[in-house]
2 protein chains.
Amino acid sequence: MAPKSKATITDVARAAGVSTATAGRVLGGYGYTSDDKKEQVLKAAQSLGYRPNALARSLITGKTRTLGVVAGDIQNPFYASVLRGISNVAEANGFGLLITNSDEAQTKEVRSVELLAQKQVDGLIVTPSDTRKARHLHNLKAMGVPLVLIDRAVAGLMVDRVATDNIAAAEQAVRHLIAAGHRRIGIVAELVDEKDGGLETFLTRAIAGDPIESEMLYPSWQRLLGYVRAHRIEGLAIDPRLTLRAGSYSALAAHAVVPGLMTAPEAPTALFTTDGTMSEGTMRALADLKLSIPQDVSIVCFDDLDWMSFHRPGITTVAQPRLAMGEAAARMLLERIHGEDYPPRTVLMPAELIKRGSVTQL
Amino acid sequence: MAPKSKATITDVARAAGVSTATAGRVLGGYGYTSDDKKEQVLKAAQSLGYRPNALARSLITGKTRTLGVVAGDIQNPFYASVLRGISNVAEANGFGLLITNSDEAQTKEVRSVELLAQKQVDGLIVTPSDTRKARHLHNLKAMGVPLVLIDRAVAGLMVDRVATDNIAAAEQAVRHLIAAGHRRIGIVAELVDEKDGGLETFLTRAIAGDPIESEMLYPSWQRLLGYVRAHRIEGLAIDPRLTLRAGSYSALAAHAVVPGLMTAPEAPTALFTTDGTMSEGTMRALADLKLSIPQDVSIVCFDDLDWMSFHRPGITTVAQPRLAMGEAAARMLLERIHGEDYPPRTVLMPAELIKRGSVTQL
DNA sequence: AAAAGTCACGAGAACGTTCTCACATATGAG
DNA sequence: CTCATATGTGAGAACGTTCTCGTGACTTTT
């Protein structure tokens with residue numbers, strides 16, 4: 001009734017006239033206790049406004065019932081939805097959520113992981129910002145901290161992972177454009193990190209059908225690969241001038257790079273954007289250029305953002321199950337926390353092509 | 001080098017040949033230590049891969065360096081941005097962030113607050129789902145837990161608060177429509193909780209200019225009040241049929257309620273939507289009805305969502321400084337945590353009307 | 001030269017829980 | 001009747017830190 005400052009289990013025990021051990025058993029719900037003592041303790045706890053101190057409990061049990069998440073940027077709709085998915089299953093299981101942003105920078109990611117590890121989270125969900133080196137994540141695994149990766153993989157790091165089947169989804173999207181008669185299709189992609197030999201080497205290898213370690217690629221490179229495969233399947237040549245590299249994960253970068261292509265003589269009749277952020281930048285650029293969709297350009301986007309359904313025309317796009325991805329990741333993490341011991345699993349979520357009105361038949 | 005399982009401060013002390021007290025002083029950065037012992041301890045810590053246990057530290061210091069946040073829904077762009085703002089200043093000050101969703105439901109909010117309190121957060125930022133009763137928040141305050149409210153107030157709860165100046169912003173938006181010659185302006189608002197006497201009583205009182213406790217109103221009611229004031233100032237009568245109440249905080253609810261008005265004989269020439277979610281639902285409804293903006297209807301929205309700038313036409317809207325609101329709230333909370341003792345402050349952030357192309361001159 | 005700081009270190013308590021153990025008592029099986 | 005098993009309780013250790021205090025050694029002030 002009168003929850004003044006803080007009452008400890010010792011206070012409750014004293015008020016109830018039992019030992020701290022018994023009070024602990026009642027309040028913590030473990031061991032045996034008689035009904036009448038239980039009642040006394042509960043009444044005492046109630047009147048003192050007792051609230052268990054999770055810190056002390058965690059210190060001794062070694063479990064915090066808290067999940068750590070390192071996202072790229074909470075503000076980004078992709079991460080916001082994934083986080084909501086994670087939050088849903090965390091909450092359903094009585095777990096708290098400690099969330100940080102990496103802004104896709106390795107240094108910030110390392111700091112975040114360190115912070116979360118010090119706070120003794122029971123497990124971590126990370127969208128790694130570097131797919132090659134990640135000592136901090138290898139360390140985590142070596143120390144037995146459950147870890148699930150979302151959206152990206154890390155070379156040599158064998159842990160659970162959930163991602164979209166990017167190659168297949170991009171291939172389907174681009175084939176849809178080709179089927180509509182488009183022959184010159186531009187792609188606007190982030191493609192941030194430098195592959196060995198750069199974009200050109202990657203393209204020639206992809207076009208030649210050389211085997212590529214596609215699992216370890218960034219999503220935007222995987223989606224580029226899907227774009228190339230669609231062309232190969234349909235027997236279309238690839239014009240490297242149509243592959244736009246924004247170079248950073250921002251709408252501004254996409255916005256900056258689109259006008260050059262659209263005003264050039266080799267302008268494409270259709271565009272494929274590889275994620276929500278690229279889509280926004282591209283849409284803004286097209287608006288600036290006063291190009292109409294789909295009369296002047298057709299467009300297929302990746303990731304189904306809210307506005308795409310009521311934009312006029314509706315935007316044809318590849319919908320990733322973002323919420324379900326977060327939920328799946330959290331569920332896998334909880335399984336590991338509860339001690340399940342499968343070999344590392346990779347869950348590739350299917351994406352769905354939603355056809356609306358942004359593609360014209362040529 | 002070899003960060004096997006977990007090394008404690010005792011292990012480090014033993015390896016360095018000093019007492020745990022000295023090791024603690026070096027590693028924790030408090031008290032005096034000689035340079036050579038410091039070096040020994042640091043080297044030992046390094047080679048054991050020592051990572052401080054924040055739980056044990058917090059248990060004794062009584063500080064967790066963690067902020068708790070109860071948001072409505074992380075997935076909603078409004079909360080996502082506010083959270084990013086909070087996250088920015090938390091991170092800059094070395095604080096972690098424990099985040100939960102309330103879905104605007106009091107029961108979930110209470111559960112969240114309880115969870116965060118048990119985890120001993122140093123302070124809480126809450127968007128209260130009920131502006132009248134909030135025993136859990138009063139309790140928090142009574143127990144001396146620093147608390148900052150965002151977006152909404154709670155009657156009788158004197159704590160720091162940051163919100164948008166909703167009445168002024170809505171008034172400005174609606175006057176902009178009136179200045180453009182519009183005389184029949186519809187408003188699409190959430191208006192979720194039942195005021196005494198309901199919407200009609202509220203309207204008659206507002207129209208009559210009766211004094212209203214506007215501080216304690218939900219944002220959507222405040223924005224409705226701004227709508228009424230704009231009419232009063234401009235000498236326009238209010239047609240209650242033009243005030244659309246969605247009744248819940250979802251785009252679907254707005255989507256359901258708009259067509260009835262727009263197809264009726266008393267259809268307005270312009271619409272004012274009171275938040276991002278109402279805006280989405282309304283836009284979707286207008287798209288379904290194949291009404292063109294601004295030829296068939298003009299529209300002014302509340303909250304500047306990403307798509308509004310590249311939508312064609314651009315959407316005229318009231319931009320709230322969401323990021324800055326989160327940052328301000330976090331900064332105020334940190335000040336309280338550091339023991340500052342001002343009287344409760346209310347920070348009303350100004351909103352800016354961004355004129356784009358969704359309003360036609362009549 | 002005595003008093004009073006400052007600096008350096010260790011022993012052990014403290015934070016608020018759960019866990020281990022010892023010791024009861026009751027209940028059922030042989 | 002006796003042994004095992006389930007039920008109930010308390011004393012005290014344990015979790016991994018920081019904090020308090022006591023004891024020196026050295027330096028500065030009076």
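Proteins come first, then strands; the chains are lettered A, B, ... in the order of their sequence lines, and each starts at number 1.
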Exercise. Return the 5'-most residue of the pair B:Ala56, B:Asp36 with respect to DNA chain C, ranking by each residue's nearest nucleotide.
Key: B:Asp36
Quiz item: How close or far is atom C1' of D:dC21 from atom OH of B:Tyr32, stated in whole angstroms?
Solution: 16 Å
Quiz item: Got a second to check how far B:Arg336's CZ is from B:Asp122's CG, nearest 0.5 Å?
Solution: 15.5 Å
Quiz item: Phosphate oxygens OP1/OP2 of D:dT9: is one of them under 4.0 Å from a side-chain N or O of A:Ser34?
Solution: yes
Quiz item: Just how far, in rounded Å, is P of D:dG8 from CD of A:Gln40?
Solution: 14 Å
Practice problem: State, without any angle test, whether A:Asn53 and A:Arg57 hold a side-chain donor-acceptor pair at a distance under 3.5 Å. | Solution: no
Quiz item: Going 5' to 3' along DNA chain C, which nucleotides are the first and last within contact of chain B (any atom under 4.0 Å from a heavy atom)?
Solution: C:dC7 to C:dG16
Exercise. Verify whether one side chain among B:Thr66 and A:Lys119 offers a donor that lies under 3.5 Å from an acceptor in the other.
Key: yes
Quiz item: A:Lys38 NZ to D:dT7 C1': how many Å, rounded?
Solution: 12 Å
Quiz item: Counting heavy atoms not belonging to A:Glu39, are there more than 12 under 6.0 Å from its CD?
Solution: no
Quiz prompt | Side-chain H-bond candidate by donor/acceptor type, B:Ser81 with A:Gln75, under 3.5 Å | solution = yes
Practice problem: Taking only heavy atoms on the protein side, list every residue of residues 10-22 of chain A lying under 4.0 Å from any atom of DNA chain D, sorted numerically. | Solution: A:Val18, A:Ser19, A:Ala21, A:Thr22
Practice problem: Would you mind checking if B:Arg345 and B:Glu340 are paired as a salt bridge, meaning a charged N to carboxylate O distance below 4.0 Å? | Solution: no
Exercise. Please report the C-alpha distance between A:Arg135 and A:Asn139 in whole Å, then the side-chain angles of each, then the deciding distance to 0.1 Å, and finally whether the side-chain hydrogen bond (donor to acceptor under 3.5 Å, both in side chains) criterion is met.
Key: CA-CA 6 Å; A:Arg135 251 230 326 280; A:Asn139 274 358; 5.3 Å; no
Practice problem: Rounded off to whole Å, could you give me the CZ-to-C1' distance for the A:Arg25 and D:dA6 pair? | Solution: 14 Å
Quiz prompt | Donor-acceptor pair between B:His136 and B:Glu114 side chains, under 3.5 angstrom | solution = no
